[in-house]
Amino acid sequence: MAAQTTARTSDQKPGPKPPAPPGGGSIAPWVFYPSAIVILIFVLYAVIGQDTAAEQVQTVQDKIVGNLSWFYMALVSLFVIFVIWIGIGRYGDIKLGKDNEKPEFSAGSWFAMLFAAGMGIGLVFWGVAEPLNFFHAPRPGVGKGAPDREEFAMVQTFLHWGIHPWAIYVVVGLAVAYSVHRKGRPVSIRWALEPIFGDKVKGFWGNVIDTVAIVGTLFGVATSLGLGVMQIASGMNFLGWVDDPNSKGLLVLLIACITAAATTSVVSGIGKGIKWLSNINMGVAAIIMLFVLIAGPTVFILNGLAQDVGGYLQNLLQLSFDTGASYGEEGTSWVNGWTVFYWGWWISWAPFVGIFIARISRGRTVREFVCGVLLVPTLLTFVWFAIFGGTGLFQQMNGKHNYVHDGVVSTNNALFEMLDTLPGGKFVAGVSILLIVLFFVTSSDSGSYVVDMLASGGDPNPPVWSRVFWAIAEGAVAIALLLASDLQGGAASLNTLKTAAIVIALPFSIVMIGMCIATLKSFHQERQAYLKAKEQKQQEELIDQTVAAIEDSLEGGTLSDAVESSKSTSGESSKSTSGKKGEDES
């Protein structure tokens, strides 16, 4: 299917244009205003009734996670199987764009943008802390010895940050990219479901789907922004730059600066600010990673990387469906608190990351999209955790540094503690703070851009004023919740918002199942159209060959010779066509 036919692309219809409101620009009123109102009401609810809101939302999340852990574990694993099958199967050559269209962005910029939007800030935050948490408090059933706990810590971390989250993003990104770049539809979640619901996606339920995507995206980005600046402040305090990392004035200032930078970036568009920042992020991250690899326990890191990747591949199937039931309530509680929570968190981020990577993937084939999004970031993630997490584990196991304080691992400080043990670590820790800020700016501007496209009816180039509005809204929500929270108690309002984002993942997981069905239906129809067009082309070639044979025979012989020649040509061509058709069907 590398050579797609013209007949197949002729079915493409121009997507409906978003409504244009008074004052210029384009927004979808029945998505824009309901989303803004829902966000405002929930923020007031989380701020005013802080304790009650936290308790109620947590209760809902506990019921979802506690009763539906089997559903999340099975569903996400099936997403992995689905996207791998799509990528390596017969649909892999379908182009996400016009038949001869080239990719909009180079491979390097493409990888940098999808990596920065999807995982970047999480890797910096959890790179050292998560393996140490698993080493200190492993899942029930893990051996008590340090080697067993060390290998478990890395393999479990690889599970949470490997192909599973990226498969979630592929499900959404592929469905949206096909509808946008191949079918010419607006950049919106609803249009990915058009193969199932038809014109019904234009109405009420389409508005609901896009509104849920906006609310979930803004909640996720605002929560990460609020909790992230607390890590930045902790790093500044660790380095002696500030005296009080819990100062609300400091945290508000940090959010304001990040929001201002993100607003500037999102106004400039994907091709400039977002792309440049993503490339800078990747460059700085690579430098810090190489520094830790060289200055840290290099041989241990490289040996551990090979061993842990092997352990991940060996145990992937079992871990993918492990609910912890074999170890009773203690086992299920551990899996629910980590793995199931992660699956819900990745699903809540799927509208944002999926739409963003769909937007930047014009011109790539389905196979390029699946392999690029699923494999390349996963490999980079494994290397990152092997270097940062491996260094922390090596120091903890060999008594070179103790990361456990008051019985727990200090998640906010783990990165800075590790860097401080290396030569020149103070300077690198400062650079790491800059990296965290840049990653937050990239996440914020990418999230603002996605929210704005959804709120603008799928316009890939939404109006500037709307971009500014949503970028500022993310920062304002984070600031409001931080100011209302008891920071010493763990930022209650922010955690309420984070929990709400996980709750939103349940209804959106149903939408994702619909996306899988819609994608299969679209690809099957395109495949059939391709085979039909190819058969028609072969028939036309057969007619041309027959006419040419008759003309040649008439010129050099009798009419009977021409008839015999045409029969011979028709017979051979029919056999050839039949054989080719059989090969195509197989």
Side-chain angles (χ1 to χ4, degrees), residues 35 38-39 42-43 46 53-54 57-69 71-73 75-76 79 114 117-122 125-126 160-161 164-173 175-176 188-190 192 208-228 336-358 440 443-444 446-451 454-455 470 473-474 477-478 481 491 493-516:
S35 300
V38 169
I39 291 167
F42 190 87
V43 170
V57 176
Q58 185 65 45
T59 299
V60 174
Q61 189 219 346
D62 289 343
K63 289 185 177 298
I64 291 174
V65 172
N67 297 324
L68 293 176
S69 58
F71 171 75
Y72 277 107
M73 296 297 289
L75 182 64
V76 174
F79 284 158
L114 69 89
M119 291 291 177
I121 189 58
F125 188 85
W126 287 105
H160 293 163
W161 295 82
H164 287 75
W166 287 104
I168 292 172
Y169 296 157
V170 169
V171 168
V172 177
V176 174
S188 175
I189 294 289
R190 71 173 76 189
V208 170
I209 290 171
D210 284 344
T211 298
V212 169
I214 288 176
V215 173
T217 297
L218 193 135
F219 279 8
V221 175
T223 301
S224 294
L225 184 61
L227 297 176
N336 291 346
W338 281 103
T339 306
V340 177
F341 183 85
Y342 260 127
W343 291 174
W345 183 245
W346 297 137
I347 291 174
S348 73
W349 273 68
F352 156 38
V353 182
I355 290 177
F356 183 76
I357 62 178
F440 269 118
S443 295
S444 180
S446 302
S448 301
Y449 195 84
V450 167
V451 167
L454 290 173
W470 289 110
E474 289 174 359
V477 168
L481 294 173
S493 296
L494 276 172
N495 285 324
T496 300
L497 194 66
K498 181 179 180 180
T499 306
I502 303 299
V503 171
I504 291 174
L506 179 60
F508 194 76
S509 67
I510 307 301
V511 174
M512 291 181 65
I513 294 174
M515 286 181 163
C516 292

Could you check if a side-chain atom of [X] sits within less than 4.5 angstrom of a side-chain atom of [Y], using non-hydrogen atoms only?
X: Trp470; Y: Ser35; answer: yes
X: Ile504; Y: Phe219; answer: yes
X: Leu75; Y: Met512; answer: no
X: Ile189; Y: Phe508; answer: yes
X: Trp343; Y: Pro165; answer: yes
X: Tyr72; Y: Leu506; answer: yes
X: Val170; Y: Phe79; answer: no
X: Phe352; Y: Leu218; answer: no

>> For Ala478 versus Ala222, what's the shortest heavy-atom pair and its separation?
In response: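 Closest approach of Ala478 to Ala222, heavy atoms only: CB-O, 3.6 Å.
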
> Which pair of heavy atoms, one from Ile347 and one from Ala505, lies closest together, and at what distance?
Replying inline: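 Ile347 and Ala505 have their closest heavy atoms at CG2-O, 3.5 Å.
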
>> Measuring from atom NE2 of His164 to atom CE of Met73, what distance do you get when rounded to the nearest 0.5 angstrom?
In response: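 His164 NE2 to Met73 CE: 7.0 Å, rounded to 0.5 Å.
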
> In Å and rounded to the nearest 0.5 Å, what is the CG to CG distance from Asn67 to Asn336?
Replying inline: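 Interatomic distance, Asn67 CG to Asn336 CG, rounded to 0.5 Å: 9.5 Å.
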
>> What verdict does the side-chain contact (heavy atoms from CB on, under 4.5 Å) test give for Phe341 and Gln61, after you've listed the backbone C-alpha separation in whole Å, the side-chain angles of each residue and the deciding distance to 0.1 Å?
In response: CA-CA 9 Å; Phe341 183 85; Gln61 189 219 346; 3.3 Å; yes

> Under 3.5 Å, side chain of Trp346 to main-chain N/O of His160, donor-acceptor pair present?
Replying inline: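 Yes: the side chain of Trp346 pairs with the backbone of His160.
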
> Has the side chain of Glu474 got a donor or acceptor atom that lies under 3.5 Å from a matching backbone atom of Ser448?
Replying inline: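 Indeed, once roles are kept as given, a pair shorter than 3.5 Å links the two residues.
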
> When you look at Phe42 and Val215, which way does the side-chain contact (heavy atoms from CB on, under 4.5 Å) test go after all the steps?
Replying inline: CA-CA 10 Å; Phe42 190 87; Val215 173; over 6 Å; no

> Checking side chain to side chain contact (heavy atoms under 4.5 Å, CB included) against Pro351, which of Thr217, Ile209, Val172 comes through?
Replying inline: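 Single pass found, and it is Thr217.
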
> Does the ring center of Trp161 lie less than 6.0 Å from the ring center of Tyr342?
Replying inline: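 Yes: the rings meet the under 6.0 Å criterion.
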
